[in-house]
*Asks:* 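What follows is a single structure, and I will ask about it in a moment.
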Amino acid sequence: MPVRLWHPARASVAQVRGWREVVQDKELRQPFKQAFREIYLLTPAEEASGVHSSRFEGQVVHYRRLRALFKDRGWTSKFQGHREEDCDAHRVMAGGEWRATLEHYLADEVHADIGRASFQRRSGGVWRDVPLKEVPPLVFSEGMRDIDLFVGVASITLDPQWAGQGPDRLRDHWEAGPFAPLTPSAEVRKDALARLIGRTAIADRCTLTDRYLVVRGDLRTYKIHLGSANILMEPNDAYLCIVSARGFQPGLFLPFEEDGRLALILSKAFLLANDTAITDPSITRQLSG
């Protein structure tokens with residue numbers, strides 16, 4: 001009898017929820033992200049678009065960080081210099097039968113613009129574009145999952161120290177991006193936080209909304225975005241820059257941690273729930289401002 005890996009894209013919502021509860025309750029450390037794996041479904045706009053998806057088009061990323069992620073996830077691309085015309089990155093999938101492609105273009109010496117995504121099938125030794133609605137759901141989901149990871153890790157909107165840098169176009173992008181609607185990876189992070197936060201000492205100070213973990217401190221109330229981990233302070237939604245919390249370990253079992261964002265959100269929540277104990281002047285100035 002053939003055996004294959006369980007994938008949430010092949011399971012019902014109830015089955016996925018059940019396995020997530022088992023992993024969390026028994027504190028099972030899976031060798032790779034499986035029960036909490038994101039699923040990317042074809043949207044009506046993508047189905048109507050033909051062979052290209054613009055889901056991540058227009059995102060601005062750190063180019064060298066993007067290149068490192070390509071290598072880590074098994075994608076191939078040529079280094080883009082001033083004379084380089086090949087602006088595509090590729091990942092061969094499904095035993096060599098399918099390929100995911102991502103367009104990307106240098107914006108300046110250190111940044112790149114994300115372009116369209118597409119999928120090809122090998123036919124007669126040649127890669128040929130395939131309409132997105134004909135791409136196997138698992139191939140589509142895994143290809144788009146990688147691209148979401150590239151944007152989620154390399155985007156300039158995730159860098160709290162980037163504010164005010166670069167040309168106007170990039171500054172506008174940075175200001176609009178950190179608090180956008182959640183991507184599938186952030187939705188999975190939200191589901192994990194819903195299971196974790198009740199086990200913490202700050203549970204009574206925390207509330208989950210559509211895209212934020214809201215933390216009630218004694219000085220202010222804070223909204224931590226579940227995608228970017230950036231923070232807004234109520235009542236006027238002033239931006240709070242915190243860059244020193246990444247090394248914090250919450251002392252909780254985390255069912256997955258691919259990019260460090262889950263631990264980062266928890267670390268900021270613990271810090272802000274006890275905001276009267278904060279002594280870092282770079283933070284206290286913002287709290288009183």
Side-chain angles (χ1 to χ4, degrees), residues 4-5 7-11 32-33 37-108 111-156 169 173 177 180-188 258:
R4 68 182 182 189
L5 287 171
H7 195 290
R10 300 192 185 105
F32 58 89
K33 195 174 181 179
R37 198 171 193 84
E38 305 86 352
I39 300 173
Y40 294 77
L41 303 176
L42 189 69
T43 66
E46 288 169 332
E47 186 173 349
S49 70
V51 299
H52 293 106
S53 168
S54 297
R55 186 180 304 199
F56 300 100
E57 188 174 12
Q59 296 288 332
V60 182
V61 298
H62 294 281
Y63 179 57
R64 291 187 181 275
R65 196 174 302 170
L66 177 68
R67 290 267 302 168
L69 289 166
F70 283 159
K71 183 178 180 180
D72 183 64
R73 300 295 298 177
W75 289 64
T76 58
S77 67
K78 294 182 180 179
F79 185 83
Q80 290 187 25
H82 296 293
R83 300 179 182 177
E84 184 57 68
E85 297 181 357
D86 185 352
C87 299
D88 294 340
H90 308 284
R91 178 190 169 189
V92 177
M93 311 168 68
E97 186 176 355
W98 288 89
R99 186 180 74 172
T101 295
L102 175 65
E103 300 172 350
H104 59 292
Y105 312 91
L106 279 181
D108 54 38
H111 302 109
D113 290 316
I114 296 297
R116 300 174 301 176
S118 60
F119 292 82
Q120 297 79 38
R121 188 170 189 175
R122 187 183 290 277
S123 176
V126 178
W127 291 109
R128 302 185 186 278
D129 284 325
V130 175
L132 297 178
K133 62 183 180 181
E134 297 179 16
V135 178
L138 212 57
V139 171
F140 180 84
S141 182
E142 288 297 298
M144 298 301 280
R145 180 178 184 268
D146 273 358
I147 298 171
D148 190 8
L149 175 68
F150 300 154
V151 173
V153 175
S155 174
I156 65 172
R169 181 182 71 86
H173 177 78
L182 301 186
T183 63
S185 61
E187 290 286 0
V188 169
E258 284 190 330

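Computed from a prediction, not measured in an experiment: that's the story for all the values here. FYI, the numbering just counts along the sequence from 1.
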*Asks:* Might you point out which heavy atoms bring His104 and Tyr63 nearest each other, and give the distance in Å?
*Replies:*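 For His104 and Tyr63, the tightest heavy-atom pair comes out as CD2-CE1, 4.0 Å.
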*Asks:* Nearest 0.5 Å please: distance from the CD1 atom of Ile114 over to the OG atom of Ser155.
*Replies:*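 That separation rounds to 9.0 Å.
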*Asks:* What heavy-atom pair brings Leu149 and Leu69 nearest, and what distance separates the two atoms?
*Replies:*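 Looking at all heavy atoms of both residues, the shortest contact is O-CD1, 4.4 Å.
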*Asks:* Distance check, rounded to the nearest 0.5 Å: Gln59 atom CD versus Ile147 atom CD1?
*Replies:*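 Reported to 0.5 Å precision, the distance equals 12.0 Å.
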*Asks:* Shortest non-hydrogen contact from Tyr40 to Arg55?
*Replies:*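 Distance-wise, the nearest heavy atoms are CD2-NH1, 3.7 Å.
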*Asks:* Taking atom types as modelled and ignoring hydrogens, do the side chains of Ser118 and His52 form a donor-acceptor contact shorter than 3.5 angstrom?
*Replies:*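 There is no such pair (donor and acceptor under 3.5 Å, judged by atom type) between the side chains of Ser118 and His52.
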*Asks:* Could you tell me which non-hydrogen atom of Ile156 sits nearest to which non-hydrogen atom of His62, and how far apart they are?
*Replies:*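 Minimum heavy-atom contact is CG2-NE2, 3.8 Å.
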*Asks:* Would you please classify the geometry between the Trp75 ring and the Phe150 ring as parallel, tilted or perpendicular, with 30° and 60° separating the classes?
*Replies:*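 Perpendicular, since the angle between the ring planes exceeds 60°.
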*Asks:* Side-chain donor-acceptor pair under 3.5 Å between Tyr105 and Glu103, yes or no?
*Replies:*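 Yes - a donor-acceptor pair under 3.5 Å links their side chains.
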*Asks:* Please report the interatomic distance OG1(Thr101) to CD(Gln120), rounded to the nearest 0.5 Å.
*Replies:*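 Rounded to the nearest 0.5 Å, the OG1-CD separation comes to 3.5 Å.
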*Asks:* Would you say Arg121 and Arg128 make side-chain contact, with heavy atoms under 4.5 Å?
*Replies:*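 No, every pair of side-chain atoms sits at 4.5 Å or beyond.
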*Asks:* Applying side-chain contact (heavy atoms from CB on, under 4.5 Å), run through Arg4 and Arg10 and close with a yes or a no.
*Replies:* CA-CA 11 Å; Arg4 68 182 182 189; Arg10 300 192 185 105; 3.2 Å; yes
*Asks:* Output the distance between atom CZ (Arg116) and atom CG (Asp88), rounded to the nearest 0.5 Å.
*Replies:*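 The CZ atom of Arg116 sits 9.5 Å away from the CG atom of Asp88.
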*Asks:* Might you point out which heavy atoms bring Trp98 and Glu134 nearest each other, and give the distance in Å?
*Replies:*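 That closest heavy-atom pairing would be CH2-O, 4.0 Å.
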*Asks:* Can you tell me if His7 and Glu142 form a side-chain donor-acceptor pair at under 3.5 Å?
*Replies:*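 There is such a pair (donor and acceptor under 3.5 Å, judged by atom type) between the side chains of His7 and Glu142.
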*Asks:* In Å and rounded to the nearest 0.5 Å, what is the CZ to NE2 distance from Phe119 to His90?
*Replies:*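 Those atoms lie 13.0 Å apart.
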*Asks:* With rounding to the nearest 0.5 Å, note down the distance linking CD in Glu46 to CG in Leu132.
*Replies:*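 Glu46 atom CD to Leu132 atom CG measures 6.0 Å (nearest 0.5 Å).
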*Asks:* For a 4.5 angstrom cut-off between non-hydrogen side-chain atoms, does Leu5 reach Phe32?
*Replies:*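 A side-chain contact exists here, since the closest heavy-atom pair is under 4.5 Å.
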*Asks:* Looking only at heavy atoms, which two atoms of Met93 and Val139 are closest? And how far apart?
*Replies:*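 Taking every non-hydrogen atom into account, CE-O, 3.5 Å.
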*Asks:* What I'd like to find out is whether the side chain of Glu38 reaches to under 4.5 Å of the side chain of Thr183, using heavy atoms alone.
*Replies:*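 Result no, sub-4.5 Å side-chain heavy-atom pair not found.
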